[in-house]
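Counting starts at 1 for both ligands and their atoms, following the listed order. Below, each value reflects all heavy atoms present in this structure, side chains not excepted, and no hydrogens, waters or symmetry copies. We're numbering straight along the sequence, starting at 1.
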Amino acid sequence: MKLAVLVSGGGTNLQAIIDSIESGTITNAEIAVVISDKPDAFALERAQKADIKTVAVERKACASKEEFEAKINAALEAEGCELVVLAGFMRILSADFVNKWQHKIINIHPALLPSFPGLQGQKQAVDYGVKFSGCTVHFVDAGTDSGPIILQKVVPVMDDDTEDTLADRILVQEHIAMPEALKLWAEGKLTIEGRKVKVKA
Ligand code: GAR
C-alpha cells in the first residue's frame, strides 16, 4: 500500500508513521512521497533522512488553488498513491480534490471532534474549559474536520493548562493514534457506512 503524507510543519506525526513502518508495526504500507506546502518545513528533512521522496508545492507559487491542488494531485498520481495522510497539513482541500480522493484521505485533528474543528483545536478546548480533550483520526469529506471518525484518544485538561501544555499532552496520543489508524487501514479492517467507520476485529 502506497501512502502519501502531506505536511506543513515539524512533522512529528510523520516521524511516528516512519517509525511504525521501520519497526514493522505497520507491515504492508510504505510512504511513497511526502508533500509539503512549505519548502522549509522540518518534516521534509525528516523524510529525506528516511530516504523518502519529497515534493514541495508552495501555494503562493501557484496562480490559483486549482493549480496548487493539481500539482499535489500530479505528485500523488506519479507515485501511485492509494491513501493521502494529512499529518499537520494546514490547508483546506477543495471539495473537488476531496471528492476525487473520496474515502482515501485521512486527517489527524488535535481535538475530540465534532468539538473544536478548524484552527487551534487545543486553544479552543482550553478557552472553553472542557475537562477532557484529545485527538481524532478521521476520513476527510468536503467539510472542515467533519468526515467519518476512525478513532479518538482522550487526555485530561488540567486547570493550569495552556494551549501549549495541552498540545504537548495531545501530541503524545496523536503519535499513537495515527499509526494505529494506518495499521487498521493497511490491513483492510476499516469500512465506511455513512458517517460510521466500522473496525473489523
Ligand atoms: C498536530 O498537532 C496536528 O494534529 C495538527 O498540527 C500538528 C502538526 O504537528 N493539525 C491540525 O491542527 C490540522 N487542523 P506535527 O507537524 O509535529 O505532526
Any side-chain donor-acceptor pair under 3.5 Å between Ser133 and Gln122?
no
Between Asp161 and Thr165, does any side-chain donor sit less than 3.5 Å from a side-chain acceptor?
yes
Does Ile149, at its CD1 atom, have more than 12 non-hydrogen atoms belonging to other residues, nucleotides or ligands within less than 6.0 Å?
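Counting neighbours around CD1 of Ile149, more than 12 heavy atoms of other residues, nucleotides or ligands fall under 6.0 Å, so yes.
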Check whether more than 12 heavy atoms from other residues, nucleotides or ligands sit under 6.0 Å from atom NZ of Lys53, and answer yes or no.
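12 or below, so no.
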Tell me whether Ile108 reaches ligand 1 (any heavy atom closer than 4.0 angstrom to a ligand atom).
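The answer is yes: ligand 1 sits under 4.0 Å from a heavy atom of Ile108.
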From Asn107 CG over to His138 NE2, what is the distance, rounded to the nearest 0.5 angstrom?
4.0 Å
Protein heavy atom at shortest distance from [atom]:
| atom | result |
| --- | --- |
| atom 13 (C) of ligand 1 | Met90 SD, 3.8 Å |
| atom 12 (O) of ligand 1 | Pro110 CD, 3.5 Å |
| atom 9 (O) of ligand 1 | Asn13 ND2, 4.0 Å |
| atom 17 (O) of ligand 1 | Thr12 OG1, 2.6 Å |

Look at atom 16 (O) of ligand 1 and find which of Gly9, Gly11, Ala177 reaches it with the closest heavy atom.
Gly11
State plainly whether the residues [X] and [Y] are in salt-bridge range, i.e. N to O under 4.0 Å.
| X | Y | answer |
| --- | --- | --- |
| Glu67 | Arg59 | no |
| Glu187 | Lys183 | yes |
| Lys2 | Glu79 | no |

Could you tell me, atom by atom, which parts of ligand 1 come under 4.0 Å of a heavy atom of His109?
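Numbered from 1, ligand 1 contributes 14 (N).
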Can you name the atoms of ligand 1, numbered from 1 with element, that are less than 4.0 Å from a heavy atom of Gly88?
6 (O), 8 (C), 10 (N)
Ligand 1 to [X] polar contact by distance, N or O atoms, under 3.5 Å:
| X | result |
| --- | --- |
| Asn107 | no |
| Glu174 | yes |
| Phe89 | no |

